[in-house]
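When a ligand or atom number is given, it counts from 1 through the structure's own listing order. What you are looking at is a predicted structure, and each value in this text was computed from that prediction instead of being measured.
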Amino acid sequence: MSVGDVYDYRAPNDMALAAGQFVTVPLGKREVTGVIWGEAANSTLAEEKMKDILSALPVPKLPEESRKFVDWVANYTMQTRGRVLRMAMSVPDALYPKAPRVGYLRTDLEPDRLTPARGRVLEFALPGVAQSAAEIASLAGVSSSVVKGLADKGVLRSVELPAEVAIDVPEWDRQGFDLSGDQTAAADQLVAAVNNNDFAVTLLEGVTGSGKTEVYFEAMAACLAQGKQALVLLPEIALSSQWLSRFEARFGVRPVEWHSDLSQSERRRNWRAVIEGRAPAVVGARSALFLPFPDLGLIVVDEEHEASFKQDEGVPYNARDMAVVRGKIGAFPVILASATPSLESQINAQGEKYAHVKLPSRFGGASLPDVEIVDLKEHRPGPQRWISEPLLASAQSTLAAGQQVMLFLNRRGYAPLTLCDACGHRLQCPHCSAWLVEHRLVRRLQCHHCGYRSKSPENCPECDAEGSFKACGPGIERLAEEAELLFPDHKIAMIASDTVTSPRAAAEFVAAMESGEIDILIGTQIVAKGYHFPNLTLVGIIDADLGLAGGDLRASERTYQLLNQVSGRAGRESHKGKVILQSHLPEHPVIDAIVRQEADAFFEYEVSARQHAGMPPFGRLAALVLSSLNPESVMGFAHQLARNAPTADNFMVLGPAPAPLSMIRGRHRHRFLIKASRDVNIQSVLGKWLKGRKVPANVRLQIDIDPYNFM
Ligand code: ADP
Ligand code: ZN
């Protein structure tokens with residue numbers, strides 16, 4: 001048992017308790033909230049040391065499936081159950097009932113004195129519908145005190161409103177779109193899986209624009225028809241205004257959302273609605289998987305190949321994999337949807353572990369875009385320029401035809417590197433082993449790892465030369481500068497995770513694209529995801545090779561998926577789309593597969609490379625990341641672990657080695673990588689290795705099973 005795990009308490013006789021009950025208990029000198037995990041058959045704790053449970057909280061029990069899920073995830077990720085449980089009870093407020101709200105109604109009485117503010121309140125206060133002071137005040141554009149003042153005078157009268165705002169119920173029996181033949185066949189299979197009420201995983205693979213969303217909506221409708229809850233996981237939920245509108249068009253109401261952009265009161269309301277079974281359809285980020293669903297009947301993981309489903313910090317877990325586990329525990333189907341499924345899922349689908357449903361063509365006869373390669377060795381743009389002659393020509397003709405262009409470059413800021421022209425000194429983050437990135441719009445240098453910001457120095461800190469700093473390479477800000485020179489008469493918009501930071505900003509951007517206010521869209525990977533812009537017909541990929549460098553296990557796979565997704569934004573309706581891919585490596589298998597649009601060719605190439613190297617899914621990986629503010633402590637502990645590293649034929653411990661990012665936020669980092677064959681229980685190997693080894697107080701040890709991040 002370790003900190004944050006299961007502790008024994010005595011249940012007072014007068015308290016009706018059961019497993020799953022939320023309770024308060026004493027822990028040391030504090031009073032904390034916990035969940036009853038079960039009855040301790042024979043506690044090892046001495047009778048006199050046992051403390052009483054203090055109170056049971058007035059909230060439904062944490063469902064058994066959720067508890068099993070917490071156990072499973074804790075076991076697999078080698079984290080304490082307490083840490084995992086905390087993700088399931090992330091809104092402490094929600095455990096307590098909410099104070100009833102007060103609403104106000106108009107009476108017959110007139111105010112003795114009518115100020116303009118009071119007049120506006122009286123315009124909006126209704127005799128028949130009670131509204132809260134805040135609601136009336138915001139409609140009237142006055143402060144709530146005006147409303148309350150009128151209530152004191154008897155002009156308004158107060159009544160009690162229900163504490164919880166009601167959740168809209170999706171109209172699952174509404175008619176969706178008329179589906180095409182392929183779509184109907186796909187939807188039928190998914191619906192059959194839902195109606196079978198058992199665990200099953202289906203890979204829904206369909207080219208971009210084939211209508212995967214409409215198809216899995218049918219499965220959701222079938223789940224809702226049974227009165228069960230349905231959950232959809234999306235990689236960038238905060239930016240998914242188009243998805244939300246489509247859900248609303250299909251089911252008549254907005255779904256319940258779960259992501260980090262919710263306000264505290266929305267989180268509270270939504271968590272409570274889920275555990276009380278009042279939230280039939282939930283869409284969320286990966287953390288939504290830990291919501292306490294009492295009656296979950298379906299999970300859809302959309303864009304299942306997305307690396308952002310893997311959480312690296314806190315409890316490292318992969319939401320796509322854990323969604324499958326959750327389905328198994330709850331005995332319900334799971335749908336994994338993608339145009340470019342992960343290698344793992346494709347292999348599972350081939351091996352018949354997963355059912356495989358395909359949508360081979362775009363909906364409505366739209367064809368896939370033509371992909372053209374521009375070899376940058378032949379068509380070198382001028383100095384400090386990144387748009388080649390052929391791309392420029394295509395962009396000009398696209399714009400002349402009144403259509404939209406997207407330029408894709410997966411790099412935020414102005415330039416990835418800033419160096420002194422006099423001495424070559426590079427500007428580096430003081431807290432990380434990483435270069436500072438210039439963001440000219442906000443006039444700052446930024447570290448993309450820790451968020452450190454500074455002004456650009458006037459003089460070089462190394463050689464003191466004045467005004468000698470030079471930007472190297474392009475980021476999207478610099479690309480936008482070039483586009484402005486080339487297309488002075490067109491409206492250009494720049495989209496990156498630091499320019500679109502809220503759902504509202506994302507919705508505004510979508511509206512501007514849809515209404516044609518934007519001619520040229522310049523963006524990073526966030527524009528690659530899921531958007532549907534009918535008039536966007538040309539996609540220019542500025543540097544197709546960008547993701548291929550580096551030793552990441554999934555570099556090729558990720559580049560293939562990203563380029564494919566970006567390309568998929570072009571020509572999604574009646575106009576034919578075109579993709580221009582600028583590359584220095586036109587012969588590279590990834591680039592070649594994109595150009596020839598041969599998914600199978602890439603798949604075979606990648607499978608054989610992984611198989612040959614014994615890498616996932618043909619082998620298992622785990623990482624140990626050690627970090628400390630003190631470099632000696634981390635090295636010392638790393639070497640101590642290395643001396644005791646286990647050895648065997650079917651697994652290998654690599655390291656310790658300084659992490660590629662050897663310092664983040666001032667913490668020095670060392671890594672081990674454990675590589676094992678598939679038949680090895682990697683958790684038990686790690687468990688034996690680490691058992692009884694004391695991690696120094698100033699060192700942090702992070703275990704990452706199935707790592708995605710090798711930095
Ligand atoms: P995918 O997710 O496979 O890229 P989408 O589900 O986004 O594809 O569908 C692409 C576009 O085609 C969307 O605007 C969608 O509303 C539309 N669409 C798909 N299927 C139909 C259909 N059967 N009837 C009408 N519109 C459809
Ligand atoms: Zn930094």
Side-chain angles (χ1 to χ4, degrees), residues 175-188 190 203-221 232 234-236 240-251 300-306 335-341 357-369 413 426-437 439 444-454 510 513-514 528-536 561 564-575 577 627 659 661-669 711:
Q175 190 61 36
F177 285 120
D178 285 332
L179 299 182
S180 70
D182 283 343
Q183 290 177 335
T184 308
D188 287 349
L190 299 180
L203 176 61
L204 174 60
E205 177 177 6
V207 297
T208 52
S210 57
K212 292 184 291 296
T213 316
E214 306 300 335
V215 167
Y216 71 64
F217 277 171
E218 295 305 308
M220 290 179 76
V232 180
L234 296 181
E236 298 274 357
S240 303
S241 62
Q242 281 191 326
W243 191 96
L244 294 172
S245 313
R246 283 171 65 184
F247 182 92
E248 194 169 352
R250 175 67 176 81
F251 294 108
V300 179
V301 183
D302 202 350
E303 312 285 7
E304 67 89 31
H305 62 277
E306 274 290 329
I335 298 170
L336 308 178
S338 174
T340 49
V357 171
K358 292 189 196 176
L359 291 170
S361 54
R362 283 192 158 179
F363 172 73
S367 52
L368 283 168
R426 300 167 166 207
L427 291 176
Q428 195 181 343
C429 174
H431 310 297
C432 304
S433 47
W435 309 129
L436 290 174
V437 177
H439 286 249
R444 285 282 185 279
L445 293 162
Q446 278 181 24
C447 172
H448 284 178
H449 298 284
C450 72
Y452 170 84
R453 290 161 159 243
S454 79
V510 168
M513 260 320 265
E514 285 173 344
K529 287 174 195 159
Y531 290 119
H532 181 79
F533 300 123
N535 203 34
L536 172 65
Q561 287 159 343
N564 194 299
Q565 294 275 332
V566 181
S567 304
R569 297 312 112 208
R572 289 170 65 94
E573 279 188 9
S574 45
H575 308 300
S627 70
L661 269 168
S662 60
M663 184 166 85
I664 298 183
R665 294 187 174 88
R667 300 184 71 88
H668 300 267
R669 307 167 72 242
M711 301 303 279

Please test E214 against R246 for side chain to side chain contact (heavy atoms under 4.5 Å, CB included), starting from the C-alpha separation and ending with a verdict.
CA-CA 9 Å; E214 306 300 335; R246 283 171 65 184; 2.9 Å; yes
Of all the non-hydrogen atoms in the protein, which one sits nearest to atom 20 (N) of ligand 1, and at what distance?
Q183 NE2, 3.0 Å
So that I can check it, does any N, O or S atom in H448 come closer than 2.8 Å to the Zn ion (ligand 2)?
no
Less than 4.5 Å apart, any side-chain heavy atom of L359 and any of V215?
yes
Atom 6 (O) of ligand 1: closest protein heavy atom, distance to 0.1 Å, is R246 NH2, 2.6 Å
Hey, does S180 come in under 3.5 Å of ligand 1, counting only N/O atoms on both sides?
no
Looking only at protein heavy atoms, which one is nearest to atom 3 (O) of ligand 1, and what is the separation?
K212 NZ, 2.8 Å
Distance-only polar pair, side chains of E218 and Q183, donor-acceptor under 3.5 Å:
no
Got a sec: is C429 within less than 2.8 Å of the Zn ion (ligand 2) via an N/O/S atom?
yes
H532 contact mode with ligand 1 (heavy-atom cut-off under 4.0 Å):
side chain
Parallel, tilted or perpendicular for F533 and Y531, by the 30°/60° rule?
parallel
Aromatic ring proximity F217/F177, centre distance under 6.0 Å
no
Interatomic spacing from CZ in R444 to NE2 in H439 - rounded to 0.5 Å:
12.0 Å
Under 4.0 Å from a heavy atom of R572: give me the atoms of ligand 1 that qualify, with their elements.
4 (O), 7 (O), 10 (C)
Counting from 1, what ligand 1 atoms have a heavy atom of T208 closer than 4.0 Å?
4 (O)
So the atoms of ligand 1 within less than 4.0 Å of a heavy atom of S210 turn out to be 1 (P), 3 (O), 8 (O)
Answer whether the closest heavy-atom distance between the side chains of L368 and T208 falls below 4.5 Å.
yes
Consider only side-chain N and O atoms of H532 and R572, and report whether a donor and an acceptor are under 3.5 Å apart.
yes
Within 4.0 Å of some non-hydrogen atom of D178, the atoms of ligand 1 are 22 (C), 23 (N), 24 (N)
Is there a donor in the side chain of E306 and an acceptor in the side chain of Q561, or the other way round, less than 3.5 Å apart?
no
Identify the protein heavy atom lying closest to atom 25 (C) of ligand 1, giving its residue, its atom name and the separation to 0.1 Å.
F177 CD2, 3.3 Å
Measure the shortest side-chain to side-chain distance between Y216 and V232 over non-hydrogen atoms and say whether it is less than 4.5 angstrom.
yes
Using a 4.0 Å cut-off to any heavy atom of V207, which atoms of ligand 1 qualify?
3 (O)
Quick one: look up the protein heavy atom nearest atom 26 (N) of ligand 1 and list residue, atom name and how far away it is.
F363 CE2, 3.3 Å
Side-chain heavy-atom pair P341, E205 within 4.5 angstrom cut-off:
yes
Does C447 reach the side chain of V437, with side-chain heavy atoms less than 4.5 Å apart?
no
Of the protein's non-hydrogen atoms, which lies at the shortest distance from atom 8 (O) of ligand 1, and what is that distance?
G211 N, 3.0 Å
Protein heavy atom at shortest distance from atom 2 (O) of ligand 1
T213 OG1, 3.3 Å
Provide, to 0.1 Å, the distance between atom 4 (O) of ligand 1 and the closest protein heavy atom, together with that atom's residue and name.
G209 N, 2.6 Å
Using a plain distance cutoff, I'd like to know if G206 has any nitrogen or oxygen under 3.5 Å from a nitrogen or oxygen of ligand 1.
no
Roughly how far, to the nearest 0.5 Å, is SG of C450 from CZ of R667?
13.5 Å
Per-atom contacts, ligand 1 versus E214 - under 4.0 Å to a heavy atom
6 (O), 15 (C), 16 (O), 19 (C), 20 (N)
Any atoms of ligand 1 less than 4.0 Å from a non-hydrogen atom of L179? List them with their elements.
23 (N)
Taking both backbone and side-chain atoms into account, decide whether C450 has an N/O/S atom under 2.8 Å from the Zn ion (ligand 2).
yes
